[in-house]
There are 2 protein chains.
Amino acid sequence: MQQGSPLILIVEDEQPIRRFLRASLTSEGYRLNEAASGEEALRVAASYPPDLVLLDLGLPDIDGQEVLSRLREWLTAPIIVLTARDQEQQKITALDAGADDYVTKPFATGELLARMRTALRHAQHLAAESPTVRVGDLRFDLPARLVFKRDTQIHLTPLEYKLLATMLKHSGKVLTHRFLLREVWGPEDSQETHYLRVFVASLRRKLEDDPARPRYILTEPGVGYRFAAE
Amino acid sequence: MQQGSPLILIVEDEQPIRRFLRASLTSEGYRLNEAASGEEALRVAASYPPDLVLLDLGLPDIDGQEVLSRLREWLTAPIIVLTARDQEQQKITALDAGADDYVTKPFATGELLARMRTALRHAQHLAAESPTVRVGDLRFDLPARLVFKRDTQIHLTPLEYKLLATMLKHSGKVLTHRFLLREVWGPEDSQETHYLRVFVASLRRKLEDDPARPRYILTEPGVGYRFAAE
DNA sequence: GGCCGGCATCAAGATTTCGTCAAGACGCCA
DNA sequence: TGGCGTCTTGACGAAATCTTGATGCCGGCC
């Protein structure tokens with residue numbers, strides 16, 4: 001969306017519908033590109049990456065579904081599919097192939113515009129950075145499964161990560177040995193408190209400034225552990 | 001279009017028409033190459049890749065259509081076809097074979113020049129920006145499914161490409177074995193982690209400077225793989 | 001002071017997971 | 001049908017991770 005208003009790519013072979021869309025969308029302030037065939041759509045999209053695609057599934061040359069999946073290989077912008085009312089199955093395969101929404105023809109302008117706004121808004125959210133949790137000088141990027149200490153990445157083994165994630169999930173609360181063991185190792189090993197000691201130690205070695213006097217992973221003697229809330 | 005003005009290749013056997021074209025085009029500032037036969041056209045085009053081709057379909061040796069498709073095998077520059085007024089069918093097959101436009105003889109200079117400008121402008125756009133992603137010394141042209149390392153193209157098999165593309169799509173994130181297998185091989189093979197090892201190895205061999213200490217495709221032991229974000 | 005239980009740390013196997021090579025199977029095109 | 005590129009499968013050494021045992025520390029209690 002470099003130049004302010006979103007760039008829409010219309011892929012539609014029927015001249016009248018295209019003209020109609022052009023009128024409705026330009027009056028809304030959208031910038032437009034048009035393609036009358038699948039081939040052209042792929043070419044134009046590659047040259048001018050759109051912020052949103054309106055894709056008619058009934059195209060003359062390539063199958064609309066094909067265009068859809070070729071686009072989805074690299075395009076993250078939302079794709080709204082235009083289908084005939086009786087093509088139920090088509091909608092479903094289209095959504096499976098990565099379409100974000102569909103509108104059945106004939107459609108009301110208002111509905112189309114509303115769905116476009118929703119899709120664009122949604123896309124913007126996705127583009128935002130993945131949410132991170134900060135505690136002290138630690139930073140957790142949970143979607144990416146990454147942990148940082150003062151901006152340098154920390155490598156954690158699967159069990160270390162799982163343990164830390166469980167503590168983080170209930171941070172501030174005291175977590176009993178049994179609870180942690182169940183969550184991380186499973187009900188089988190809920191007695192093996194020794195596991196906990198070993199892994200807490202290695203987590204402290206990696207996360208704490210002074211593992212002997214921990215700031216994040218606190219021991220609750222006789223009960224369990226607690227991850228510092230603030 | 002290295003030297004400023006576009007290089008035009010004229011393929012035309014009739015001397016008078018060639019002379020006429022030469023006059024019109026040089027006065028417009030175009031650089032020219034000429035060929036009087038199909039054979040010559042292919043030779044010249046190979047030696048001096050033109051920015052635009054004017055191709056007369058009525059040639060003495062090879063069929064004009066043949067020249068056209070031979071050129072199209074590798075040449076992306078626009079090709080404008082010159083046809084006689086009564087050769088309707090010829091135009092159509094020419095367009096199918098990859099011609100960008102046609103002009104019927106006899107033609108007005110103004111019209112020819114206009115069509116040439118359009119074609120050149122259009123070609124420029126296409127050549128301009130396929131959205132490419134750069135990571136380190138790698139470059140990805142996603143729409144075209146091409147991968148380059150330091151500007152030399154890397155050949156990837158279909159599955160190699162698909163795997164790489166999915167990692168790139170979620171670059172920075174840790175992708176579990178299951179996820180990658182599902183995306184690339186489908187839900188059936190979501191257990192076959194061995195596939196991943198083999199293909200990651202071959203991708204590293206092709207992309208990394210030192211496959212043993214990868215910079216792009218990183219292993220997250222026990223979890224999956226991650227494509228380096230920055 | 002000596003003993004004991006809970007906790008922390010270290011390190012040596014044991015086990016699982018990875019990387020690599022190569023042979024076989026498969027599909028496709030000439 | 002044979003060759004070619006590609007994918008699948010198997011085998012094995014290497015690496016990372018997990019388990020397990022040994023040892024030491026500390027505070028409370030007899």
Side-chain angles (χ1 to χ4, degrees), chain A residues 145 147 153-167 174-178 180-186 188-227, chain B residues 73 145 147 153-167 174-186 188-227:
Chain A
R145 200 189 177 280
V147 179
Q153 195 192 327
I154 305 278
H155 173 78
L156 298 182
T157 71
L159 282 182
E160 284 169 0
Y161 183 85
K162 206 169 171 190
L163 176 58
L164 179 60
T166 347
M167 298 206 293
V174 177
L175 306 173
T176 65
H177 296 130
R178 257 195 20 157
L180 286 171
L181 285 163
R182 267 174 199 280
E183 289 287 306
V184 179
W185 276 265
E188 307 294 306
D189 298 286
S190 64
Q191 312 291 2
E192 312 276 343
T193 57
H194 192 50
Y195 289 0
L196 275 181
R197 298 205 191 93
V198 172
F199 278 83
V200 164
S202 93
L203 277 177
R204 281 176 177 159
R205 207 177 319 123
K206 293 181 178 182
L207 301 181
E208 304 279 359
D209 289 316
D210 179 0
R213 278 179 297 112
R215 174 181 165 198
Y216 300 114
I217 303 178
L218 309 177
T219 303
E220 295 287 335
V223 186
Y225 295 92
R226 183 160 56 92
F227 191 84
Chain B
E73 284 173 13
R145 298 189 191 175
V147 179
Q153 193 187 331
I154 305 275
H155 172 78
L156 298 182
T157 71
L159 282 181
E160 284 169 0
Y161 181 83
K162 204 168 172 189
L163 176 58
L164 180 58
T166 22
M167 297 207 292
V174 175
L175 306 174
T176 64
H177 299 126
R178 266 218 349 210
F179 175 82
L180 287 171
L181 285 164
R182 266 175 202 281
E183 289 288 304
V184 178
W185 277 265
E188 307 294 306
D189 299 284
S190 64
Q191 312 289 9
E192 311 278 341
T193 57
H194 193 51
Y195 290 1
L196 276 180
R197 291 196 205 103
V198 174
F199 278 82
V200 163
S202 90
L203 278 176
R204 281 177 176 158
R205 212 176 313 125
K206 292 180 178 182
L207 301 180
E208 304 278 359
D209 289 316
D210 180 0
R213 277 178 294 115
R215 172 182 165 197
Y216 300 114
I217 303 178
L218 308 177
T219 303
E220 296 286 334
V223 186
Y225 293 93
R226 183 160 55 89
F227 192 85

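These numbers come from the heavy atoms of this one structure, side chains and all, not from hydrogens, waters or symmetry mates. Fair warning: this is a prediction, and the values are worked out from it, not measured in the lab. Letters go in sequence order (proteins before strands), and every chain restarts at 1.
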Take the protein atom CD1 of I217(A) and the nucleotide atom P of dC7(C), then report the distance between them rounded to whole Å.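 It is 15 Å, rounded to the nearest whole Å.
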
Distance col, row L181(A):CG vs D189(A):CG, nearest 0.5 angstrom, shows 7.5 Å

Between W185(B) and Y195(B), how do the two ring planes meet: parallel, tilted or perpendicular, split at 30° and 60°?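 Tilted, since the angle between the ring planes falls between 30° and 60°.
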
Can you give me the first and the last nucleotide of DNA chain D (5' to 3') that has an atom within less than 4.0 angstrom of a non-hydrogen atom in chain B? dT6(D) to dT17(D)

Checking side-chain polar atoms at under 3.5 Å, does T219(B) have a donor or acceptor matched by the opposite partner on R197(B)? no

Is H177(B) reaching over with its side chain to a backbone N or O of V223(B), donor-acceptor style, under 3.5 angstrom? yes

So, does R204(B) use its side chain to make a donor-acceptor pair with the main chain of I217(B) at under 3.5 Å? yes

Answer yes or no for R145(A) and Y161(A): cation-pi contact, defined as NZ/CZ to six-membered ring centre under 6.0 Å and angle to ring axis within 45°. yes

Please report the closest heavy-atom contact between K206(A) and H155(A), naming both atoms and the distance.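 That would be NZ-O, 3.0 Å.
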
For the pair E183(A) and K162(A), find out whether any cationic side-chain nitrogen is under 4.0 Å from an anionic carboxylate oxygen.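 No, E183(A) and K162(A) are not salt-bridged.
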
How would nucleotides 13-30 of chain C be written as a contact map, 5' to 3', with B for base contact, S for sugar-phosphate-only contact and - for no contact, using protein heavy atoms under 4.0 Å? ----SBBB----------

5'-most by nearest nucleotide on DNA chain D - F199(A) or P158(B):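 Looking at DNA chain D, the more 5' nearest nucleotide goes with P158(B).
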
